[in-house]
Amino acid sequence: MEQQLDYAAVRAAAGRIADGVRPVTVAPASEGVWYALEHLQHTGSFKARGARNFLAAHHRAGALPAAGVTIASGGNAGLACAWAARAQGIPATVFLPANAPRVKVDRLRGYGAEVRLVGDRYAEALAACREFAADSGALGSHAYDHPLIAAGAGTLLDEIRAALPGLDTVVVAVGGGGLFAGVATAAREHGVRVVAVEPENCRALNAALAAGRPVDVGVDSVAADSLGATRVSADALRVAREGDVRSVLVPDAAITAARRELWEEHRLVVEAAAATALAALREAPEPLGKRVAVVLCGANTDPGDLVAPRA
């Protein structure tokens, strides 16, 4: 299927997934700031949007193979893929490193996925996934680097605008760039500024903007489990160059503080990636906009360090 990422693709995605995802709740946080509570989405993250759109588009095109879908990801993308596959009634085969946390393996199996543990690094699981797709005929999905995945994530922006008239700025965390690319594509259509936030030591988009092309970066952050992409997608870089986008880096200490603030002030449990977006707001020397939405993108985390007393 030939696809491109543009606003028409985002609108088409909205039509495909309307009955299959939870509309985002937008809640006031402070003066001029609202939280987009996307961590309440199916599977605990925005990834459900892209996974649902990816499989629905292939279904409508008659391109869903009997062998189902496969992906290499033990994180939010793998969970979303397995969930979306179950909704379509097709098999999902998810490849993870052998050292993946048992809780993720169990949750994937709970969605009906076949889990295959390969090697001790993501790259080995990815290679095995690609080999499986080639041998079995299964449809290969990706955690973020596909127009249908990004377009599905981009449906979030129009929902936020509908709930928050006059929105001028949206703040999103960036890993590989799927959420950012989709949201920024829709935001450009409506003249909304996007603040793209990354940890200081997981800066794939920021480095790509500096280099003028996607480049490999090191990964070392408290938010690396979700934002630890070594290279940003080409679509994310293109959209960042074309739209009203500001790239911001935040230290791990600010991410940890923002995550704890969400718990202590609002009793919201989110993963570090979601807190990364809020950290940019807290670190900014001046307001990022007059009507700002901060996307809380996921909640697949262990809340133990939040509820336990601090030393």
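Sequential numbering from 1 along the given sequence is applied to the chain's residues. Keep in mind it's a predicted model, so treat the numbers as computed, not measured.
If you chain together ILVMFWY residues whose side-chain heavy atoms come under 4.5 Å of each other, Val292 ends up grouped with Val33, Tyr35, Leu37, Leu40, Val171, Val195, Val197, Val222, Val248, Val250, Ile255, Leu262, Leu268, Val270, Leu278, Leu281, Leu288, Val294, Leu296. Hydrophobic side-chain contacts under 4.5 Å tie Leu249 to no other Ile, Leu, Val, Met, Phe, Trp or Tyr residue. Clustering of Ile, Leu, Val, Met, Phe, Trp and Tyr side chains at separations under 4.5 Å places Val192 together with Val24, Val26, Trp34, Phe46, Leu156, Leu157, Ile160, Leu164, Leu167, Val170, Val172, Val174, Leu179, Phe180, Val183, Val194, Leu205, Leu209, Val232, Leu237, Val245, Val295.
Side-chain contact between His59 and Leu55: absent, with no pair of heavy atoms (C-beta onward) separated by less than 4.5 Å. A 4.5 Å side-chain heavy-atom check between Pro251 and Glu200 finds at least one atom pair inside the cut-off. In this structure, the side chains of Leu139 and Leu64 come closer than 4.5 Å at one or more pairs of heavy atoms. Between Thr276 and Pro199, some side-chain heavy-atom pair lies under the 4.5 Å cut-off. The shortest side-chain heavy-atom distance between Phe95 and Leu126 does not fall under the 4.5 Å cut-off. Within the 4.5 Å cutoff, no side-chain heavy atoms of Thr155 are placed close to those of Val21. Using a 4.5 Å heavy-atom cutoff, the side chains of Glu124 and Pro97 are not in contact. Residues His142 and Tyr144 have side chains in contact (heavy-atom distance under 4.5 Å, counting atoms from C-beta outward).
Classified by interplanar angle (parallel below 30°, tilted 30° to 60°, perpendicular above 60°), the ring pair His146/His58 is tilted.
Using a cut-off of 4.0 Å between Lys/Arg side-chain N and Asp/Glu carboxylate O, Arg231 and Asp216 are scored as salt-bridged. Under a 4.0 Å N-O distance rule, the pair Arg11/Asp158 qualifies as a salt bridge.
Within the 6.0 Å centre-distance limit, the rings of Tyr7 and His190 are counted as a close aromatic pair.
The two residues Ala258 and Ala275 make their nearest non-hydrogen contact at CB-O, 3.5 Å. Contact detail for Ala236 and Gly176: the closest heavy-atom pair is CB-O, 4.4 Å. Minimum interatomic distance between Ser73 and Gly78 (heavy atoms only, all atoms of both residues): OG-N, 3.1 Å. Contact between Thr70 and Cys129 at its shortest, heavy atoms only, is OG1-SG, 3.4 Å. Taking both residues in full, the closest heavy atoms of Gln4 and Pro147 are given as C-CB, 3.9 Å, listed atom of the first, atom of the second, then distance. Heavy atoms only, all atoms of each residue included: Ala229 and Ala204 are closest at O-CB, 3.9 Å.
Although no hydrogens or angles enter the test, the distance criterion places no donor-acceptor pair under 3.5 Å between the side chain of Lys104 and the main chain of Gly75. Distance alone, capped at 3.5 Å, places no donor-acceptor pair between the Asp145 side chain and the Ser233 backbone. No donor-acceptor pair under 3.5 Å is formed between the side chain of Arg16 and the backbone N or O of Arg52. Put simply, the side chain of Arg259 never gets that close to the backbone of Ala279: no donor and acceptor are under 3.5 Å apart.
Identified under the side-chain hydrogen bond (donor to acceptor under 3.5 Å, both in side chains) test for residues 83-98, with sequence neighbours left out: none. Annotation: salt bridge (Lys or Arg N to Asp or Glu O under 4.0 Å) contacts involving residues 26-41, sequence neighbours excluded, comprise Glu38-Arg49. Sequence neighbours left out, the pairs with a member in residues 217-226 that pass side-chain hydrogen bond (donor to acceptor under 3.5 Å, both in side chains) are Ser221-Asp252, Ser226-Glu271.
Counting non-hydrogen atoms of neighbouring residues, nucleotides and ligands closer than 6.0 angstrom, the CD atom of Glu131 reaches no more than 12 such neighbours. No more than 12 heavy atoms of other residues, nucleotides or ligands sit less than 6.0 Å from atom CZ of Arg213. For Arg130, the CZ atom counts as loosely surrounded, since its 6.0 Å shell holds 12 or fewer non-hydrogen atoms of other residues, nucleotides or ligands. Summarising the local packing, CZ of Arg267 is surrounded by more than 12 heavy atoms from other residues, nucleotides or ligands at distances under 6.0 Å. Within a 6.0 Å sphere centred on CG of Asp19, heavy atoms belonging to other residues, nucleotides or ligands number 12 at most.
A donor-acceptor pair shorter than 3.5 Å cannot be found between the side chains of Arg246 and Thr169.
Distance check: His39 NE2 to Asn300 CG gives 11.0 Å after rounding to the nearest 0.5 Å. Atom CZ of Arg116 and atom CG of Leu108 lie 14.0 Å apart (nearest 0.5 Å). Taken to the nearest 0.5 Å, the CD1 atom of Ile149 stands 12.0 Å off from the CG atom of Asp235. Expressed to the nearest 0.5 Å, how far OG1 of Thr43 lies from CZ of Arg107 amounts to 6.5 Å.
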